[in-house]
Each structure stands twice: as structure tokens, then as C-alpha cells.
Amino acid sequence: MQSEESVNVLGETLETCGNDPVTGFYRDGCCNTGPDDFGAHTVCAVVTDEFLAFSKARGNDLSTPRPEFGFPGLRAGDSWCLCAARWQEAFDAGCAPRVRLRATHQAALEHCALDSLKVHGTDLS
């Protein structure tokens, strides 16, 4: 994990994405990233049934519990750090989930346009 303070896509301090279930590549509740996070798990999304079905069809089943990995399975409404490229793929297919911008790491911008993320943002005032 990076030693410096993490920054979100709005240029602010990165907020926690989710702790029930605990998310993040480092399972710290945040969408932090580093050189060992090849999937860039940087987009804090509020998953939907439509997105979970989309992800499962693409080979990443996020809804089935995997107790051997301590993974309870996701349900609609859960916040989860998604791979930025998968979020972009879902966006292009018209089924991207909502995004918590303040909890989305700035590294997501390497794969996703800020304007696209903002259209799906849940926390803009």
C-alpha cells in the first residue's frame, strides 16, 4: 500500500468505501491501490443486481459466497471496490453501478473518464 495519503478522483482525501463486507484490494475498507494491484480495484461502486449479473457473465462472480476466501458474496446495495476497467466495461454496456466519488481512488482515472464517473456519482452536492 502507498505510504502517502490516498487521494480520490475529486482531489480530496480518499474516504472509506465499505466495511460490511470489508472491501478493497488490501481489505482495508478503502479503494487503495499499489504496484501489486494488477486489477486496479479503485472504483467504489454501489453494486446492483444488473451489474452483478453482468460481472458474472464476464467471468467474475461477485454474488456467490466464497467462505474459503472469507468472501460473503455481494448483494445489491453493497459498496465494493471494483476494477476500474470492469466498471468502464459496464459503463460502455449501459449497466454501470453508481459510484461513490469520494471513496474512488484517483488511479481510477487511468481507466475511466471523470465525467463518466460523475454521471454515476452518488455523493455530489
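Here the structure is a predicted model, which means the values were calculated and not measured.
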Give me the atom names and distance for the closest heavy-atom approach of T16 to N19.
CG2-ND2, 3.5 Å

Taking every non-hydrogen atom, the tightest pair across G94 and E50:
O-OE2, 4.2 Å

With S6 as partner, the option from T42, T33, N32, T13 fulfilling side chain to side chain contact (heavy atoms under 4.5 Å, CB included) is N32

Does [Y] offer a backbone N or O that forms a donor-acceptor pair with the side chain of [X] under 3.5 Å?
{"X": "S55", "Y": "N60", "value": "yes"}
{"X": "D37", "Y": "F25", "value": "no"}
{"X": "T104", "Y": "R100", "value": "yes"}
{"X": "D123", "Y": "L101", "value": "yes"}

Are V47 and V43 connected in a single hydrophobic cluster, I mean Ile/Leu/Val/Met/Phe/Trp/Tyr linked by side-chain heavy atoms less than 4.5 Å apart?
yes

Is L10 reachable from L14 through a run of I, L, V, M, F, W or Y residues, each pair having side-chain heavy atoms under 4.5 Å apart?
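Result: no, two separate clusters.
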
Has D92 got more than 12 heavy atoms of other residues, nucleotides or ligands less than 6.0 Å from its CG?
yes

In terms of heavy-atom contacts, does CZ of R27 have more than 12 from other residues, nucleotides or ligands at under 6.0 Å?
yes

Mind telling me whether W87 and F91 have parallel, tilted or perpendicular rings, with 30° and 60° as the class edges?
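Geometry flag for W87 against F91: parallel rings.
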
Kindly compute the distance separating [atom1] ([X]) from [atom2] ([Y]), expressed to the nearest 0.5 Å.
{"X": "R86", "Y": "F54", "atom1": "CZ", "atom2": "CZ", "result": "6.0 Å"}
{"X": "N8", "Y": "C30", "atom1": "CG", "atom2": "SG", "result": "11.0 Å"}
{"X": "H111", "Y": "L82", "atom1": "NE2", "atom2": "CG", "result": "12.5 Å"}
{"X": "L109", "Y": "L117", "atom1": "CG", "atom2": "CG", "result": "6.5 Å"}
{"X": "E89", "Y": "C95", "atom1": "CD", "atom2": "SG", "result": "8.5 Å"}
{"X": "F51", "Y": "S63", "atom1": "CZ", "atom2": "OG", "result": "10.5 Å"}

Residue pair T23 / S79, side-chain heavy-atom distance below 4.5 Å:
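Side-chain contact under 4.5 Å: no.
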
